[in-house]
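Notes for the one structure printed next.
What's counted below: heavy atoms across the whole structure, side chains too, no hydrogens, waters or symmetry copies. Atoms within a ligand are numbered from 1 in the order they appear, just like the ligands themselves.
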Amino acid sequence: MSAHLTVVDHPLIQHKLTLMRDRNTPSAVFRQLLREISLLLAYEALHDLPLTTKPIETPVAPMEAPILQGKKLVLVSILRAGNGLLEGVLELVPSARVGFIGLYRDPETLQPVEYYKKLPEGMPERTAVVVDPMLATGNSVCAALDRIKETGARDIRFMSLLAAPEGVAAMKARHPDVPVFTAAVDERLNDHGYIVPGLGDAGDRMYGTK
Ligand code: URA
């Protein structure tokens with residue numbers, strides 16, 4: 001199995017992430033940067049997808065050409081901020097199926113409460129990529145992964161933009177079989193469950209709701 005945590009610290013990602021962290025970056029630019037980073041993260045998170053071959057004819061010669069093997073991928077967005085990462089990954093894998101899990105964080109207990117779930121059929125045979133930009137306490141992601149595993153899904157990866165050490169530890173303890181891909185691991189969480197230095201509330205930054 002691949003490493004549990006992969007920090008994709010490509011210079012382009014780090015540069016774009018700095019722009020995203022800046023409180024003066026407007027929502028439209030924030031969304032665009034998130035989309036761009038999601039392409040680069042997905043490139044890494046999907047590097048080991050299995051391939052098969054099929055016979056084709058180029059204008060010059062016949063060949064056995066590589067194509068992706070197996071059922072179509074499923075991308076699972078944890079609402080609502082997950083949709084920011086989803087857009088870019090869908091561009092890279094346009095035939096992927098898409099699922100959604102809606103969880104909000106109770107501001108007092110910081111525990112996730114589910115309000116929506118829709119996943120495609122055939123989950124046990126699909127590679128699933130779960131996306132949420134902020135791995136903070138890890139409570140939401142771990143709860144979403146519990147729901148996803150109930151469907152029989154086995155090959156699951158998690159993609160986030162930013163992580164806190166607490167979230168990475170929670171993932172490792174509760175879902176050690178799910179590799180985590182992120183652009184950076186920050187210092188810590190504050191008392192409100194925000195990542196420090198972080199970038200604030202990803203959903204609010206994306207949609208201008210604050
Ligand atoms: N969710 C966010 O949007 N930001 C954080 O810093 C933590 C959780």
For ligand 1, indicate whether the residue A136 contacts it via side chain, backbone, both or neither (heavy-atom separation under 4.0 Å). side chain

Ligand 1 atoms nearer than 4.0 angstrom to some heavy atom of Y194 are 4 (N), 5 (C), 6 (O), 7 (C)

Which residues share a side-chain hydrogen bond (donor to acceptor under 3.5 Å, both in side chains) with R21, sequence neighbours left out: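 Counting only residues at least two positions away or on another chain, R21 forms a side-chain hydrogen bond (donor to acceptor under 3.5 Å, both in side chains) with D186.
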
Which option, P133, G193, G198, A202, owns the non-hydrogen atom nearest atom 3 (O) of ligand 1?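 Answer by nearest heavy atom: A202.
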
Which residue pairs satisfy the salt bridge (charged side-chain N to carboxylate O under 4.0 Å, His left out) criterion with at least one member in residues 84-93, sequence neighbours excluded?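 Of all non-adjacent pairs touching residues 84-93, those that pass salt bridge (charged side-chain N to carboxylate O under 4.0 Å, His left out) are R35-E91.
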
Evaluate E121 against R126 for salt bridge (charged side-chain N to carboxylate O under 4.0 Å, His left out), listing each step before the verdict. CA-CA 9 Å; E121 54 80 32; R126 299 182 192 277; 3.3 Å; yes

For [atom], find the nearest protein heavy atom and state the residue, atom name and distance (0.1 Å precision).
{"atom": "atom 4 (N) of ligand 1", "answer": "G200 O, 2.8 Å"}
{"atom": "atom 8 (C) of ligand 1", "answer": "R105 NH2, 3.5 Å"}
{"atom": "atom 1 (N) of ligand 1", "answer": "M134 CB, 3.7 Å"}

Just to verify, which of V74, L145, V178 counts as forming a side chain to side chain contact (heavy atoms under 4.5 Å, CB included) with V130?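 For V130, the side chain to side chain contact (heavy atoms under 4.5 Å, CB included) test succeeds with only one of V74, L145, V178, which is L145.
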
For the pair S160 and D132, evaluate side-chain hydrogen bond (donor to acceptor under 3.5 Å, both in side chains) and give the outcome as yes or no after the intermediate values. CA-CA 5 Å; S160 77; D132 187 351; over 6 Å; no

Less than 4.5 Å apart, any side-chain heavy atom of R80 and any of Y207? yes

So, regarding I195 and ligand 1 (criterion: nitrogen or oxygen to nitrogen or oxygen, under 3.5 Å), is there a contact or not?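 Yes, there is a polar N/O contact under 3.5 Å.
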
